[in-house]
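Worksheet: the structure to be examined is printed underneath.
Numbers here are sequence positions counted from 1.
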Amino acid sequence: MGLLNALIEQAKNPRGFVGNIMIKIMNQAHTSITVQRWIFGTITATQTHYFWPDLEQDISEAFRVLIAGGTFVIISEIYKINYHMKQFTKNEEMEQLLRKSGFQTVNIHENNKWRCYVGKK
């Protein structure tokens with residue numbers, strides 16, 4: 001947790017921002033985001049989704065707090081997906097899950113090491 005807090009403090013440093021982009025950094029469990037609907041333009045999850053206790057509910061929560069046209073991005077190494085997950089390891093399964101949660105457009109990008117799921121609200 002110490003590293004997470006250090007990264008959050010570093011990200012809050014204005015010297016790290018470019019242009020007039022407003023960024024809100026939150027240190028909250030993804031299952032209990034305490035914000036109203038339609039607040040985020042982009043949500044990213046890097047190397048974490050395989051630890052989420054209820055992936056279906058958690059993706060639905062991400063969808064809930066995205067603005068119309070917002071983007072949800074999940075990025076992970078393929079071997080970690082296969083190692084940690086018993087379900088949703090195939091691209092087709094994740095695409096169905098994202099669409100079931102409400103995402104209108106789902107794109108999947110992959111190379112020999114990484115997989116990236118992009119859902120557009």
Checklist line | Path from V106 to L97 over hydrophobic side-chain contacts below 4.5 Å | finding: yes

Gap separating the [atom1] atom of [X] from the [atom2] atom of [Y], nearest 0.5 angstrom:
| X | Y | atom1 | atom2 | value |
| --- | --- | --- | --- | --- |
| Q96 | S101 | CD | OG | 11.5 Å |
| K90 | I108 | NZ | CD1 | 12.5 Å |
| L98 | E93 | CG | CD | 12.0 Å |
| W52 | D58 | CH2 | CG | 6.0 Å |

Ignoring hydrogens, what is the shortest heavy-atom contact between [X] and [Y]? Give both atom names and the distance.
| X | Y | answer |
| --- | --- | --- |
| F40 | I43 | CB-CG1, 3.9 Å |
| R115 | T89 | NH1-O, 2.8 Å |
| M94 | L55 | SD-CD2, 4.0 Å |

For a 4.5 angstrom cut-off between non-hydrogen side-chain atoms, does [X] reach [Y]?
| X | Y | answer |
| --- | --- | --- |
| N91 | Y117 | yes |
| K121 | I67 | no |
| C116 | N107 | no |

Note to self: With a 3.5 Å distance limit and no angle check, can you tell me whether Q104 reaches the backbone of G102 through a side-chain donor-acceptor pair?
What the structure shows: yes

Checklist line | With H84 via ring pair (Phe, Tyr, Trp, His ring centres under 6.0 Å) - residues at least two apart | finding: Y50, F51

Sequence neighbours excluded and cut-off under 3.5 Å, please list the side-chain donor-acceptor pairs for residues 73-83, or say none.
{"from": "S76", "atom 1": "OG", "to": "Q47", "atom 2": "OE1", "distance (Å)": "3.0"}
{"from": "E77", "atom 1": "OE1", "to": "Q47", "atom 2": "NE2", "distance (Å)": "2.7"}
{"from": "E77", "atom 1": "OE1", "to": "K80", "atom 2": "NZ", "distance (Å)": "3.3"}
{"from": "N82", "atom 1": "ND2", "to": "I78", "atom 2": "O", "distance (Å)": "3.4"}

Next item on the list: Specify whether F72 and F103 have parallel, tilted or perpendicular ring planes, treating 30° as the upper limit for parallel and 60° as the lower limit for perpendicular.
Entry: parallel

